[in-house]
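So the structure is just underneath, and the comments pick up after that.
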Amino acid sequence: MAQSVATWNVNSLKVRLPHLLEWLERAQPDVVCLQELKCEDSAVPRDAIAAAGYHVVTHGQKTYNGVAILSREEARDIQRNIPGFTDPQSRIIAATVGETRVVCAYFPNGQAVGSDKYAYKLEWLAALTLWLRGELERHPRLILTGDFNIAPDERDTHPDWKDGILVSPPEREAFRALLDLGLGDAFRHFEQPERIYSWWDYRMNAWRRNFGLRIDHLLVTPALAEELASCSVDTAPRELERPSDHAPVIARFL
DNA sequence: ATGGCAGATGGAATCTGA
């Protein structure tokens with residue numbers, strides 16, 4: 001099986017490619033789920049990814065969204081977006097790697113509580129949950145990972161973070177509904193230091209103040225939870241020049 | 001401190017992100 005699975009919202013695959021390649025070399029993940037490629041499938045730098053030792057499957061989109069799964073072992077049974085949920089935005093790609101079903105997701109942001117985009121976010125979350133209920137019956141070894149755009153509870157926000165989008169009760173209830181399907185938060189499977197986040201706004205000197213949110217997650221079924229060895233945020237890439245505003249999160253298995 | 005940043009598009013100003 002995969003020994004490690006990571007997620008990283010790269011905020012433009014084109015701009016972040018050097019960071020990605022450097023990180024693959026250092027962290028040596030077996031599976032990497034990427035979000036916000038911001039490019040079409042035809043613009044994915046496949047040669048550079050192959051040279052780094054990874055297969056890649058993508059569900060790209062021009063300008064916004066776009067997701068990919070990189071894997072040491074070739075991915076199979078690839079699915080794009082949620083069946084039966086018509087969505088012009090490329091937010092999901094799922095595939096099987098080894099014995100593990102990997103669902104890579106870029107959850108909608110929602111913009112502001114009460115907005116049209118917020119309504120879309122909640123509809124999308126409901127469709128995702130309904131779909132996953134069936135997927136979990138077929139795949140005892142499943143990992144749902146990506147940029148959830150939800151900070152699950154107060155531990156996942158800087159103490160000064162006020163209410164609003166990403167932390168509203170309906171969003172947190174939707175996150176809870178995913179856990180209620182039988183999934184566990186890999187990060188919370190372990191004792192963790194306080195104030196660990198995965199995203200920091202480019203503005204406000206947020207990174208230097210650690211004014212962040214933990215919104216990038218890996219949720220696993222019990223069969224995978226039993227094999228978890230660690231789960232941590234790797235903040236090193238956030239220190240680089242022209243960083244993504246998200247840091248990669250990686251789960252390692254026994 | 002919720003802005004003032006960053007990326008894409010297109011070739012300036014606007015949209016989106018979170």
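Predicted model only: the values in this text are computed from it and were never measured. Each chain gets a letter, A, B and so on, in the order its sequence line appears, and its residues count up from 1.
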> Knowing that exactly one of A:Val15, A:Asn11, A:Asn65 qualifies, which makes a side chain to side chain contact (heavy atoms under 4.5 Å, CB included) with A:Lys38?
Replying inline: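 In the set A:Val15, A:Asn11, A:Asn65, the residue that makes a side chain to side chain contact (heavy atoms under 4.5 Å, CB included) with A:Lys38 is A:Asn11.
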
So [X], base contact, sugar-phosphate only, or nothing? Heavy-atom distance under 4.0 Å.
X	value
A:Leu166	sugar-phosphate
A:Asn9	sugar-phosphate
A:His246	sugar-phosphate
A:Tyr106	sugar-phosphate
A:Asp147	sugar-phosphate

In whole Å, what separates the [atom1] atom of [N] from that of [M]?
N	M	atom1	value
B:dG11	B:dC15	C1'	16 Å
B:dG10	B:dT16	P	14 Å
B:dT2	B:dG7	P	23 Å
B:dG17	B:dA12	P	25 Å
B:dG4	B:dT14	P	14 Å
B:dC5	B:dA1	C1'	14 Å

> Roughly, in whole Å, what's the span from CD in A:Gln111 to P in B:dG17?
Replying inline: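 Between P of B:dG17 and CD of A:Gln111: 6 Å.
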
>> Output the rounded distance in Å from CD (A:Gln89) to C1' (B:dG17).
In response: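 Whole-Å distance recorded here is 12 Å.
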
Going by an N to O cut-off under 4.0 Å, is there a salt bridge joining [X] and [Y]?
X	Y	answer
A:Glu36	A:Arg16	no
A:Arg138	A:Glu135	yes
A:Asp185	A:Arg214	yes

> Just wondering, do A:Ser244 and A:Gln35 contact through their side chains at under 4.5 Å, heavy atoms?
Replying inline: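 The answer is no, as the side chains (C-beta and beyond) never meet within the 4.5 Å cut-off.
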
>> The criterion is ring-ring contact (aromatic ring centres under 6.0 Å, His included); which residues satisfy it with A:Trp207, sequence neighbours excluded?
In response: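 Residues passing ring-ring contact (aromatic ring centres under 6.0 Å, His included) with A:Trp207: A:Trp200.
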
> Nucleotide by nucleotide, 5' to 3', does protein get under 4.0 Å of the base (B), only the sugar-phosphate (S), or neither (-) in nucleotides 2-9 of chain B, counting heavy atoms?
Replying inline: BBSBSSSS

> Would A:Arg101 and A:Thr221 satisfy side-chain hydrogen bond (donor to acceptor under 3.5 Å, both in side chains), going step by step from the backbone distance to the final call?
Replying inline: CA-CA 10 Å; A:Arg101 189 65 177 169; A:Thr221 52; over 6 Å; no

